Amino acid sequence: MTSPDSSPEDPPERTSEQVRQGWVNRRREKIVDEIARNRRGEYTVPTWVLVAALVLLVGGWIAVVVFS
């Protein structure tokens, strides 16, 4: 008789090394996919870069108005 806590369908426990290796493989796949997208011309500028450019532009404009 089996205990109520375990069922025959339960997957075996994974070691920390297996978890880490899975994370590394998923990360590597994401990087390869991103490089492939960029080579196809699907590159997009990250939002933080656009925000930084806008802040510099507005800050420069304000500096010109204030200091001239």
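Since this is a predicted model, take the numbers as computed values, not measurements. All heavy atoms count here, side chains included; hydrogens, waters and symmetry mates do not.
The CD atom of Gln21 sits 7.0 Å away from atom CZ of Arg28, with the distance rounded to the nearest 0.5 Å. Taking CG from Asn38 and OG1 from Thr44, the interatomic distance works out to 7.5 Å, rounded to the nearest 0.5 Å. The CZ atom of Phe67 sits 11.0 Å away from atom CD1 of Ile62, with the distance rounded to the nearest 0.5 Å.
Taking Arg37 as the reference, nothing meets the salt bridge (charged side-chain N to carboxylate O under 4.0 Å, His left out) condition, with sequence neighbours excluded. Not counting sequence neighbours, the partners of Arg40 by the salt bridge (charged side-chain N to carboxylate O under 4.0 Å, His left out) test are Glu42. Partners of Glu17 under the salt bridge (charged side-chain N to carboxylate O under 4.0 Å, His left out) rule, at least two apart in sequence or in another chain, are Arg20.
Here the closest heavy-atom approach between residue Gln18 and residue Glu13 is recorded as OE1-O, 4.3 Å.
Residues Val66 and Val58 share a hydrophobic cluster, clusters being chains of Ile/Leu/Val/Met/Phe/Trp/Tyr side chains in contact below 4.5 Å. A single hydrophobic cluster is seen to contain both Trp61 and Leu54, as judged by linkage of ILVMFWY side chains at heavy-atom distances under 4.5 Å, directly or through other members.
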